[in-house]
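The model shown is predicted, which means the values in this text are computed figures rather than measured ones. Both backbone and side-chain heavy atoms feed into the values below; hydrogens, waters and symmetry mates do not.
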Number of protein chains: 2
Amino acid sequence: MHAMVEKTRQPKGLRDITRDAVRNSISDVAVDLSAERGFDAVTVEDIAQTVGISARSFHRYFPAKEDAVLGDSTPWGELVREVVATRPDDEPVWQCLQTAYEALLGQFGELDARMKRRLRVLGSTPSLRARNMEKHLQWEAMLTPLIAARLPGQNTTLRARTIIQASLACWDIALATWAEESETRSAGHLLALTFAELSPNTAGPGA
Amino acid sequence: MHAMVEKTRQPKGLRDITRDAVRNSISDVAVDLSAERGFDAVTVEDIAQTVGISARSFHRYFPAKEDAVLGDSTPWGELVREVVATRPDDEPVWQCLQTAYEALLGQFGELDARMKRRLRVLGSTPSLRARNMEKHLQWEAMLTPLIAARLPGQNTTLRARTIIQASLACWDIALATWAEESETRSAGHLLALTFAELSPNTAGPGA
DNA sequence: GCCTAATCTGTCAGATCCTGTCAACTATGG
DNA sequence: CCATAGTTGACAGGATCTGACAGATTAGGC
């Protein structure tokens, strides 16, 4: 089905296996129902009943209804941080970030169809977009010290936050465009397009 | 249909005056209490009781608790759109956007202290930051056609969205930094710093 | 000044989301 | 087999937000 990341921890016993399975079921049902009726028109009770669990159990798997659609993006953020950390010190930050995001796209791989549906629901629901950006704030906090250390000159933290937020905008817009029905270009290509619009200053602000 | 109501720029009757006054009172109380205890630790009931109204009336003035702190940013967005629309066609988009944001800073003017408190609460509450970005999405929708028309080459909409989101990131980060306790630089200066980090590509993507 | 209509407010009721608690159930390990 | 720990369902409760209705306040016309 889907090869999971070994980095986090692979399920040890029957408990962890069933837990991951239930988690995926909830997420799938949440995306499906939201795609049909719209996210706001679907209640937690609806999702839980479709899966076959109680509403209370739903919240034991996901803290909020939004998270059932968004999934847990923390491991992905960690992956980005990891890639950035292992890049050569003299590599320009924009190129460095683009490489990291491309690595993230590689992880998607097999989940294309599922991911597109998810992104479509995400793009059509304001509260989901908000929650998604909230998670990006955690990415920013993780990446800021790494990026700041790579920047020459002054105000490195301020400038690092600016670059990271801008790159996340590139990421979001590229993915949202990729998920559109009529879009045929690859996610990597779209990501390159958005990055190209902002990254020309690879020589640094002083150049 | 919509030609009747221009905007509540100037209250016409006693009703509108009192309504604006109550609205400001609610907003002030919401910011004050949130600054003291934290936004999540303040209930709508607390705010309403402090102002002297019922919780139901609170929701007649603000649809959500977040909006009481954030206020209505729609008129700000319209101002930005207006400034951008009146700029010369051959002006680079980044310079154009920076001018528009600076005009926005000029509008703040007298509200410095109040605005700083508001921004501090905003920066310390993830859900508020997310809601704020959600409002920026409306700005993006408003500005995208204007900016896209100014871009040469292909994929103008995709690139316009990227630039707008990036510029909004500059705006947010500059304001958040400006509101910090130890910060002494002006908001305009900080805005120039963040813009300088991304705007070097004023010659366009092909250069 | 008075009356009618529009608007605002408070109160009540309800839907939904989310959390705490507790007893019953199940897998794991000795 | 049994003890422990994790999971679940059921109930209760707080909080946000909305709809409905009745009373109060205000605006405009007489």
Let me know the distance between [atom1] of [X] and [atom2] of [N], rounded to the nearest Å.
X         : N       : atom1 : atom2 : value
Gln49(B)  : dA15(D) : CD    : C1'   : 15 Å
Arg60(A)  : dG20(C) : CZ    : C1'   : 10 Å
Arg56(A)  : dG9(D)  : CZ    : P     : 11 Å
Leu128(B) : dT16(D) : CG    : P     : 13 Å
Ile17(A)  : dG6(D)  : CD1   : C1'   : 16 Å
His59(B)  : dT9(C)  : NE2   : C1'   : 15 Å
Lys65(B)  : dG14(D) : NZ    : P     : 16 Å
Phe39(A)  : dC17(C) : CZ    : P     : 8 Å

Inset, instruction - Using ring-ring contact (aromatic ring centres under 6.0 Å, His included) as the criterion, point out the one residue from Trp76(B), Trp171(B), Phe108(B), Trp94(B) that pairs with Tyr101(B). - result: Trp171(B)
Inset, instruction - Measure from NZ or CZ of Lys65(B) to the centre of the six-membered ring of Phe39(B), then state whether that distance is under 6.0 Å and the direction lies within 45° of the axis. - result: yes
Legend entry - Distance-only polar pair, side chains of Glu91(B) and Gln95(B), donor-acceptor under 3.5 Å: yes
Legend entry - No-hydrogen, no-angle side-chain donor-acceptor test under 3.5 Å, Arg19(B) and Asn24(B): no
Give [X] one of three labels, base, sugar-phosphate or nothing, depending on what nucleic acid heavy atoms sit under 4.0 Å from its own.
X        : value
Val22(A) : nothing
Ala64(B) : sugar-phosphate
Arg19(A) : sugar-phosphate

Inset, instruction - Would you indicate, yes or no, if dT11(C) has its OP1 or OP2 atom less than 4.0 angstrom from a side-chain nitrogen or oxygen of Ser54(B)? - result: no
Legend entry - Under-4.0 Å side-chain N/O to phosphate OP1/OP2 contact, Tyr61(A) with dT7(D): no
Inset, instruction - Taking only Lys NZ, Arg NE, NH1 and NH2, and the carboxylate oxygens of Asp or Glu, determine whether Arg117(A) and Asp32(A) approach each other closer than 4.0 Å. - result: yes
Legend entry - Comparing Phe58(A) and Ile53(B) on DNA chain C - which has the more 5′ nearest nucleotide: Ile53(B)
